[in-house]
2 protein chains.
Amino acid sequence: MAADETAPAPRGKVTITEIARRAGVSVPTVSRVVNGRSDVSPATRARVEDLLRLHGYRKRSAALPSRAALLDLVFNDLDSPWAVEIIRGVEEAAHAAGAGTVVSAIHGRSGDAGEWMRNLRARASDGVILVTSALEPPLHEQLRILGVPLVVVDPMGSPAFDTPTIGAANWSGGLAATEHLLSLGHRRIGLIAGPPRLLCSRARFDGYRAALEAAGVAIDASLVVPGDFHPESGFTGCNTLLDLPEPPTALFAASDQMALGAIEALRRRGLRVPEDMSVVGFDDLPEVRWSAPPLTTIRQPLADMGQLAVRTVLRLARGERPDSPRVELGTELVVRASTAPPAPVL
Amino acid sequence: MAADETAPAPRGKVTITEIARRAGVSVPTVSRVVNGRSDVSPATRARVEDLLRLHGYRKRSAALPSRAALLDLVFNDLDSPWAVEIIRGVEEAAHAAGAGTVVSAIHGRSGDAGEWMRNLRARASDGVILVTSALEPPLHEQLRILGVPLVVVDPMGSPAFDTPTIGAANWSGGLAATEHLLSLGHRRIGLIAGPPRLLCSRARFDGYRAALEAAGVAIDASLVVPGDFHPESGFTGCNTLLDLPEPPTALFAASDQMALGAIEALRRRGLRVPEDMSVVGFDDLPEVRWSAPPLTTIRQPLADMGQLAVRTVLRLARGERPDSPRVELGTELVVRASTAPPAPVL
DNA sequence: CTGAAAGCGCTTACAG
DNA sequence: CTGAAAGCGCTTACAG
């Protein structure tokens, strides 16, 4: 029995000659579409793009027969200390698969995004891993056309696209952090929240609320202050809580960095952790094992998330479906020295 | 006047056809040398390799006419918190030059190094930046043959090769840290040193010694304890110093991480920083602004070092000579809250 | 807007 | 160990 003529060729193995034959156009025309030139009729372009996508076309060359695979890992900014954790996981898994990891930051500047896209195309990247990043919808679309698979780590919102996402169990983490403080006997528990536009912030907040509700503790809106995950906001947030007529006896910071900022605010006032205030963070950055005192926090498996992201893009690149389009990796309470029962009321 | 036939063509623009003509061999032969095949006579190979190097040959293709530049940034391990600082500087400068940054870790495993070399070749990297990394001499040689420029950041020792290196003013930093403590009135100053096989450790140690000598303070060998830059070694090193019959009143840790470990050792004994012990670190990692207390330290311009490394490889890639083969960027004392005059003797 | 033709840089059998 | 020949995937004028 002859091979099915209409079946897609193996991913990444198809040539423009093959695509041209199937589309019923010439090789130069396909070349023009691939290179994004303007002198192609919309109808032809659409037909060719469909075929390109269907067959997972990747630009190759007789000269460079087996180009090493390249994965793009894209951050908004590289100043976040958990970036290195994700890089570590991604590099490890990519290396194991024989792929190189191209790290970049787009700095939120949308002008950069277009340039980044050109670079991506020029280096013929085999897959893109986006971290908490708002890559605009038109760029998603361009990646689709180029046939470059995409996965999002720590999604900002629920992507409207058929893009796999990998996150952490943020709600469970918020719940566990708050339950831990409740179990120590705290009833007035402050929250320094993350930016509400981020999905992970809302989930952590809801976990906090759910734990309080389950314990029958009324939610006091004045105990919830906004933050942006950076230490400065933890510092000011903690000061706001301490200036309350009736301050909390414990606080949950939605990031380790904010927890560190909060501890500094306490130290400046001569308050001790955990004797005067218990603090729990979120992330378990390597450095908080060595903060003073060592921080009780919610461990987020950043390196594992990076590894899973690599396996998922690679799967996509081979034309396979991911196991699941939305994955949440488990979080875990790590108890160290920054939490204790509340001081007895004298 | 005709163009000089023997002059090298512009870097990166030469083809194997051109090299073949100059070497007086056929195009396939050059192709074999470029791809490291074994079936070429040593004499022919040597002649072709010389020409390849001289002209800065880079593999290209008619199909991929202007491949995006790619720079390889190589760490021993990605677990160091200052890795992200260097990545940030490198990514920024590389991005500005339109190049992608491939980050990898070779984990000291020498088996990995060979594989990494193959990947580097396959992805046709345009330059390599090595960070505190022992890339074995044979690999240096391979890079030379491939014509891939190399620069070393924070060199482990004095490289025996004609490789540009970029470091920090470690000796001056060690001097400044110690002078700061002396100026506060400390006379018994402990040192938690870095691994002596590293150039930077020895320079920091010598700076410490020079400052003490200049102040007429005798060096007490029992006040110098070994460390490996990680927090654990700062923790145990500090305990060793505290168990001395006459402990120091201040200590200089040759890395921020060791300083954090030392502070934790002090905290566990109920000793306060800086009241009972002054501590100064080295690096100025972003996180130590938020340690408890905020750490006095020596700022090492890691991101700037990364940026300079990029400019230097790129220069090399264009066939230009670097401004200077050995560069040391300035370090700077940053005074925060972990240092104070010694407690008055009662 | 499209294709036939020429050409690019490189590689792979093949023959010696 | 080496080269003449054929071929690869892709692109670039050029003509219509």
Side-chain angles (χ1 to χ4, degrees), chain A residues 8-52 55-69 118 121-126 145-148, chain B residues 9-52 55-69 118 121-126 145-147:
Chain A
R11 285 237 144 196
K13 293 286 182 187
V14 77
T15 64
I16 57 170
T17 308
E18 175 68 8
I19 298 288
R21 198 182 55 70
R22 291 189 188 244
V25 297
S26 71
V27 164
T29 297
V30 177
S31 173
R32 285 187 269 257
V33 172
V34 166
N35 291 291
R37 300 219 195 294
S38 56
D39 53 351
V40 180
S41 76
T44 307
R45 178 186 303 277
R47 192 149 36 94
V48 171
E49 278 176 352
D50 282 348
L51 260 348
L52 251 18
H55 293 85
Y57 171 78
R58 322 257 49 227
K59 194 187 285 192
R60 284 177 314 136
S61 153
L64 275 45
S66 61
R67 229 209 61 243
R118 266 191 302 283
R121 182 195 284 247
R123 74 175 78 103
S125 184
D126 299 280
I145 290 171
L146 283 177
V148 178
Chain B
R11 286 238 145 195
K13 294 285 181 188
V14 77
T15 64
I16 56 169
T17 308
E18 175 67 9
I19 298 288
R21 198 181 56 70
R22 291 186 188 246
V25 297
S26 71
V27 165
T29 298
V30 177
S31 172
R32 284 187 269 257
V33 172
V34 166
N35 291 290
R37 299 219 196 292
S38 56
D39 51 354
V40 179
S41 75
T44 306
R45 178 186 301 278
R47 192 149 35 95
V48 171
E49 279 176 352
D50 282 347
L51 261 348
L52 252 17
H55 292 86
Y57 171 77
R58 322 257 50 229
K59 194 187 284 191
R60 285 178 314 135
S61 153
L64 274 45
S66 61
R67 228 209 64 243
R118 266 191 302 284
R121 183 195 283 250
R123 74 173 77 106
S125 184
D126 300 278
I145 290 171
L146 283 177

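Per chain, numbering begins at 1; letters A, B, ... match sequence-line order.
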**Fill in**
Separation of C:dA4 atom P from A:Ile16 atom CD1, nearest Å, is 14 Å
**Asked** Less than 4.5 Å apart, any side-chain heavy atom of B:Arg22 and any of B:Ile19?
**Response** no
**Item:** Touch class at under 4.0 angstrom, heavy-atom based, for B:Val27 against every strand present
**Value:** base
**Message:** Minimum heavy-atom separation for A:Val40 and A:Arg32, please, with both atom names.
**Reply:** CG2-CB, 3.8 Å
**Message:** Only pairs with both distances under 3.5 Å count, Watson-Crick or wobble alike; so what is the partner of C:dC1 in this structure?
**Reply:** D:dG16
**Request:** Return no unless some side-chain N or O of B:Ser31 is found under 4.0 Å from OP1 or OP2 of C:dT11.
**Result:** yes
**Request:** Specify the closest pair of heavy atoms between B:Val33 and B:Arg45, including all atoms of both residues, with the distance to one decimal.
**Result:** CG2-CA, 4.2 Å
**Request:** Find the distance A:Arg32:CZ to C:dG3:C1' and express it as a whole number of Å.
**Result:** 7 Å
**Request:** Round to the nearest Å and state the distance from A:Asp39 atom CG to D:dG16 atom C1'.
**Result:** 14 Å
**Request:** Would you mind telling me which residue lines up with the more 5' stretch of DNA chain D, B:Ser26 or A:Val30, judged by nearest nucleotide?
**Result:** B:Ser26
**Prompt:** To the side chain of B:Pro42, which of D:dA4, D:dC10, D:dC1 is closest?
**Reply:** D:dC1
**Asked** Are the side chain of A:Arg47 and the backbone of A:Ala23 linked by a donor-acceptor contact shorter than 3.5 Å?
**Response** yes
**Prompt:** In whole angstroms, how far is the P atom of C:dT2 from the CZ atom of A:Arg47?
**Reply:** 8 Å
**Message:** Side-chain N or O of A:Thr44 versus OP1/OP2 of C:dT2: is the shortest distance under 4.0 Å?
**Reply:** yes
**Item:** D:dC1 phosphate, OP1 or OP2, under 4.0 Å from B:Ser41 side-chain N/O
**Value:** no
**Asked** Should B:Thr29 be listed as having a side-chain N or O under 4.0 Å from OP1 or OP2 of D:dG3?
**Response** yes
